[in-house]
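The block underneath contains the structure these notes are about, expressed in structure tokens.
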Amino acid sequence: MAEVSQAQGEEIPANMTLYINNLNEKIKIDQLKKSLLAVFSQFGKILDVLAFKTLKHKGQAWVIFEDVSSATNALRRMQGFPFYDKEMRIHYAKTKSDIIAKADGTFVPREKRKRHEEKGGKKRKEQLDPNQAAAGLNPAYAGAYGATPPLSQLPYLGARAIVPEAPAPPNNILFIQNLPHDATTMMLQMLFNQYPGLKDVRMVETKPGIAFVEYENEMQSTVAMQALQGFKIQQNQMLITYAKK
């Protein structure tokens, strides 16, 4: 197992796949995978998140990025990140390690795999879902902080766009819109807790898709807004503005 070798100090070269352990074993697999996708997709395009129900794979997961630089940035930034009350331990995994391939049913002997990848690599790239979570600041939001996004980026309610009368002045509370309806408070806490000063996350039960995130001061809320503006959770691109008081 690549993971055991790493624990014993074996050098694994940087690659696109991160191996994560010390995860909370009480979290359901589907929720675990969604939360990992939400937290790690800020660093780059994710091709897959693997986690399994089998006993020997409990508390472990693999996050596969499209490129090595994204995986490296994620490893450095997220090492020790508190995830469901446990600090994540992150390492590079062996590229498509045998244990992952056997567990997800795609294991092919090395020589056959190499020939197959040479023929099918291009086709697989074309079939990847372009709407999978990808990170980075949306260029549409560039500019001074607190700027109102273009109308094309505003969510719709029925046939009319929700156009604010005027942008709220900078303050310590953020108004989050366009969240997927199954987004949870814990998921948002993991995202926004990466930035100092987080005080509270409040979902609006009567209006799915929106939430309020409160920081200790205006400077801290601004940093979080700039970093996460346009961030995708599943296929929904978050719209973040200052809350009106």
Cluster question for you: counting only ILVMFWY and a side-chain heavy-atom cut-off of under 4.5 Å, with indirect links fine, are [X] and [Y] together?
X    : Y    : value
F175 : L228 : no
V223 : L174 : yes
I210 : M186 : no
V63  : I27  : yes
Y215 : F212 : no

I'd like to know if K199 pairs up with E214 as an ion pair, taking the criterion as any Lys NZ or Arg NE/NH1/NH2 lying under 4.0 Å from an Asp or Glu carboxylate oxygen. yes
So, [X] side chain and [Y] main chain: donor-acceptor pair closer than 3.5 Å or not?
X    : Y    : value
S35  : M187 : no
N15  : P13  : yes
N171 : A243 : yes
Q79  : R76  : no
N178 : N236 : no

Between the side chains of Q220 and Y195, is a donor N or O closer than 3.5 angstrom to an acceptor N or O? no
Does any donor atom in the side chain of T222 or Y242 lie under 3.5 Å from an acceptor atom in the other side chain? yes
Between atom [atom1] of [X] and atom [atom2] of [Y], what is the distance when rounded to the nearest 0.5 Å?
X    : Y    : atom1 : atom2 : value
Y84  : Q189 : OH    : CD    : 10.0 Å
N172 : D200 : CG    : CG    : 11.0 Å
K45  : K232 : NZ    : NZ    : 9.0 Å
Q31  : D182 : CD    : CG    : 8.0 Å
Q42  : M78  : CD    : CE    : 6.0 Å
Q229 : M238 : CD    : CE    : 8.0 Å

Within-4.5 Å side-chain heavy-atom neighbours: [X] and [Y]:
X    : Y    : answer
K86  : L23  : no
K34  : T184 : no
V68  : M16  : yes
H91  : I12  : no
I176 : V201 : no
N73  : F65  : no
L50  : F52  : yes
I46  : L36  : no

Show, in sequence, the C-alpha distance, side-chain angles and deciding distance for F40 and I90, and conclude whether the side chain to side chain contact (heavy atoms under 4.5 Å, CB included) test is met. CA-CA 12 Å; F40 279 92; I90 309 174; 4.0 Å; yes
Apply the test side chain to side chain contact (heavy atoms under 4.5 Å, CB included) to residues L188 and M203: give CA-CA distance (whole Å), side-chain angles for both, the deciding distance (0.1 Å), then the verdict. CA-CA 9 Å; L188 291 180; M203 306 291 291; 3.4 Å; yes
Candidates K58, Q60, M88, H57 - the one meeting side-chain contact (heavy atoms from CB on, under 4.5 Å) with N21: Q60
For [X] and [Y], which heavy atoms make the closest approach, and how far apart are they?
X    : Y    : value
K33  : A51  : CG-CB, 4.0 Å
L37  : S41  : O-OG, 2.8 Å
S69  : D67  : OG-OD1, 2.7 Å
K244 : A168 : CG-CB, 3.7 Å
A38  : L191 : O-CD2, 3.1 Å

